[in-house]
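Order of the sequence lines sets the chain letters (A, B, ...), proteins ahead of strands, with each chain counted from 1.
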Number of protein chains: 2
Amino acid sequence: MTSFTEENYLKIIYKLSTETESEISTNAVAELTQTKAASVTDMLRKLSDKQLVSYQKYQGVRLTSQGQAVALKVIRKHRLWEVFLVEKLGFNWDEVHDIAEQLEHIDSEELVQRLDEFLGFPQFDPHGDPIPDRHGKMPEFGYKNLSDIDPNQAVIMMGVAQHSVSFLQHLAKVGLNLGVDICVKEINDFDKSMTIKIGGEIDYFISNDVAKNILVKVY
Amino acid sequence: MTSFTEENYLKIIYKLSTETESEISTNAVAELTQTKAASVTDMLRKLSDKQLVSYQKYQGVRLTSQGQAVALKVIRKHRLWEVFLVEKLGFNWDEVHDIAEQLEHIDSEELVQRLDEFLGFPQFDPHGDPIPDRHGKMPEFGYKNLSDIDPNQAVIMMGVAQHSVSFLQHLAKVGLNLGVDICVKEINDFDKSMTIKIGGEIDYFISNDVAKNILVKVY
DNA sequence: AATAAATTTTAGACTAATCTAAAAATAAGT
DNA sequence: ACTTATTTTTAGATTAGTCTAAAATTTATT
Ligand SMILES: [Mn+2]
Ligand SMILES: [Mn+2]
Ligand SMILES: [Mn+2]
Ligand SMILES: [Mn+2]
């Protein structure tokens, strides 16, 4: 029904939709799919024919509810497989994304259901991302980006908004793991970089680029 | 390096090689890949360019050692995933082949290694097929086809040579599971059908078509 | 409001994998 | 050995996904 490639486009359009209210631009999709704008235009017309997105020339694209359902199923599989890789096979959280990118396209409802059960119906993946339920409902927890937290506010780290190996390894080195207590000490005005206290101990300096990609829960 | 499609061709050529001494014909490959002979010819030329098979027009095809190595890696993955599906997720042996057909193409040495370890380094898949080791060495056990066993010979069922759902469900219904004792009572001359005793109890009648696909160990 | 810049779409071409129909080569049957 | 049948290969076309270069449209700037 939906090809490997189509699923990747839908997943990326979904991701962009969660970051923007307005229509998604062709160029934004091209950047994440690592293709050229011309290729994206072709695919959008195809997905539109299949009723998976609503799209009009030059006006950007949105997922239809059908398209969103497909995207959420793929994301559900991606995250369940990541849990499997970390919890059962002992991978580190920075090693699982690329493998899950492949596993997420395996097509078997029964397999997903049994995998979910085998893992004990986890609510979050190893990066703190929530796992959609079997009906494609994505739980909402209202986490904020660390970059939006005010000075002297204490928070708990609940997730990351990026899965690149270099980013995750950087966090691990600094001691920024899921569940740690963070307190914002000072925010530099000109570049939004910040000094934070991790677990009540050391002071660390982190760039805004890092802070934007850390998800936290306010006490 | 090798595509999904190329891997399927190599796997099928490997399978045919174990059944025949001579070169593999274009038509034989076409039948198993569910494609036309013309498509096979194209692919054989491509695989030959990649040094994965040795092939000359009209003379049939053989795997090179490189090609065999690729095929055995795919088969190793297929069988390990089948063990996972049955042992860890609770699938029946007749439900796992199609899912393993997809999983066998997931590309990650590290994943295969860890999966193997997680499963306790199994030697056989749920159908009794041996699992090649990480170096691509296929263990040999010298099992025979039940169809080649003489009357009054007692044997143990060790595997099946076919994975179709209908065949496996038929076996399960009759009580032919891995490990059962079988004694050949009588072989009908004209159609090679046979009467067998299963587990020392009941007499069963099975066709030569079934007997050919049951692998047994002689006491 | 007119012009320049950026974005997006079209046109035309390429690769991988497939097909059908026709041609070539091999194998079989007299 | 000659003819026929079967198998295999070539020729030409198709579909999915991609690209570059050029044209069209939208957005930004004077
Ligand atoms: Mn991921
Ligand atoms: Mn994740
Ligand atoms: Mn199988
Ligand atoms: Mn098997």
Side-chain angles (χ1 to χ4, degrees), chain A residues 1-14 16-17 19-63 67 70-71 74 101-102 104-107, chain B residues 1-13 16-17 19-63 67 70-71 74 101-102 104-105 107:
Chain A
M1 214 76 247
T2 45
S3 71
F4 191 102
T5 310
E6 288 167 346
E7 288 186 352
N8 281 335
Y9 273 90
L10 292 173
K11 203 178 47 154
I12 276 164
I13 297 167
Y14 176 84
L16 289 166
S17 301
E19 296 164 359
T20 328
E21 278 303 301
S22 53
E23 327 282 322
I24 306 306
S25 75
T26 300
N27 264 353
V29 176
E31 200 172 333
L32 290 195
T33 50
Q34 314 244 59
T35 60
K36 303 295 170 172
S39 309
V40 174
T41 300
D42 285 347
M43 181 57 82
L44 294 185
R45 214 157 40 77
K46 195 178 150 199
L47 292 173
S48 183
D49 290 348
K50 286 194 172 190
Q51 320 255 13
L52 295 169
V53 302
S54 59
Y55 165 67
Q56 280 154 275
K57 280 194 196 186
Y58 295 105
Q59 301 314 130
V61 67
R62 260 180 215 286
L63 292 179
V70 174
V74 176
E101 283 294 309
Q102 298 181 64
E104 73 188 5
H105 302 290
I106 302 293
D107 181 29
Chain B
M1 214 76 246
T2 44
S3 72
F4 191 102
T5 311
E6 288 167 346
E7 288 185 353
N8 281 336
Y9 274 90
L10 292 172
K11 203 179 46 155
I12 276 163
I13 296 168
L16 290 167
S17 302
E19 296 166 359
T20 328
E21 277 304 302
S22 53
E23 326 282 322
I24 306 308
S25 75
T26 301
N27 264 353
V29 177
E31 200 172 333
L32 290 195
T33 51
Q34 314 242 61
T35 58
K36 302 295 168 172
S39 310
V40 173
T41 300
D42 285 346
M43 180 57 81
L44 293 185
R45 214 158 39 77
K46 195 178 150 197
L47 292 173
S48 184
D49 290 347
K50 286 195 172 188
Q51 320 254 10
L52 296 168
V53 302
S54 61
Y55 165 68
Q56 279 156 274
K57 280 194 197 189
Y58 295 104
Q59 300 314 130
V61 67
R62 259 180 215 285
L63 291 180
V70 173
V74 176
E101 283 291 310
Q102 299 180 62
E104 72 189 5
H105 302 290
D107 179 30

Exercise. Looking at residues at least two apart in the chain, or sitting in another chain, which of them share a side-chain contact (heavy atoms from CB on, under 4.5 Å) with B:Asp107?
Worked result: A:Gln102
For this session: Just jot down the salt bridge (charged side-chain N to carboxylate O under 4.0 Å, His left out) partners of A:Glu31, sequence neighbours excluded, or say none.
Result: none
For this session: Scan B:Tyr9 against the nucleic acid and name what it touches under 4.0 Å (heavy atoms): base, sugar-phosphate only, or nothing.
Result: sugar-phosphate
Exercise. Rounding to a whole Å, what distance do you find between B:Glu23:CD and D:dT7:C1'?
Worked result: 15 Å
Quick one: which protein N/O atoms are closer than 3.5 Å to N/O atoms of nucleotides 9-11 of chain C? Pair and distance per line, please.
{"unit_1": "C:dT9", "atom_1": "OP1", "unit_2": "A:Tyr55", "atom_2": "OH", "d": "2.3"}
{"unit_1": "C:dT9", "atom_1": "OP1", "unit_2": "A:Tyr58", "atom_2": "N", "d": "2.8"}
{"unit_1": "C:dT9", "atom_1": "OP2", "unit_2": "A:Thr26", "atom_2": "OG1", "d": "2.9"}
{"unit_1": "C:dT9", "atom_1": "OP2", "unit_2": "A:Thr41", "atom_2": "OG1", "d": "2.8"}
{"unit_1": "C:dT9", "atom_1": "OP2", "unit_2": "A:Tyr55", "atom_2": "OH", "d": "3.3"}
{"unit_1": "C:dT9", "atom_1": "O4'", "unit_2": "A:Tyr58", "atom_2": "OH", "d": "3.4"}
{"unit_1": "C:dT10", "atom_1": "OP1", "unit_2": "A:Lys57", "atom_2": "NZ", "d": "2.6"}

Kindly list each side-chain donor-acceptor pair under 3.5 angstrom involving residues 35-42 of chain B, sequence neighbours excluded, with atom names and distances?
{"unit_1": "B:Thr35", "atom_1": "OG1", "unit_2": "B:Thr33", "atom_2": "OG1", "d": "2.8"}
{"unit_1": "B:Thr41", "atom_1": "OG1", "unit_2": "B:Ala37", "atom_2": "O", "d": "3.2"}

For this session: Can you tell me which residue pairs pass the side-chain hydrogen bond (donor to acceptor under 3.5 Å, both in side chains) test with a partner in residues 49-59 of chain A, sequence neighbours excluded?
Result: A:Glu6-A:Lys50
Problem set entry | N/O (side chain, A:Asn27) to phosphate O (OP1/OP2, C:dA6) under 4.0 Å | no
Exercise. Which of the following nucleotides, C:dT18, C:dT8, D:dC19, is nearest to the side chain of A:Lys36?
Worked result: D:dC19
For this session: Provide, to the nearest angstrom, the distance between the CG atom belonging to B:Asn8 and the P atom belonging to C:dT18.
Result: 9 Å
Exercise. Do B:Val70 and B:Lys11 come close enough that some side-chain heavy atom pair is under 4.5 Å?
Worked result: no
Problem set entry | A:Thr33 or B:Ser25, whichever maps to the more 5' nucleotide of DNA chain D | B:Ser25
Problem set entry | salt bridge (charged side-chain N to carboxylate O under 4.0 Å, His left out) partners of A:Glu19, counting only residues at least two apart | A:Lys15
Seminar exercise, completed: In whole angstroms, the gap separating P of C:dA16 from CE of B:Met43 amounts to 10 Å
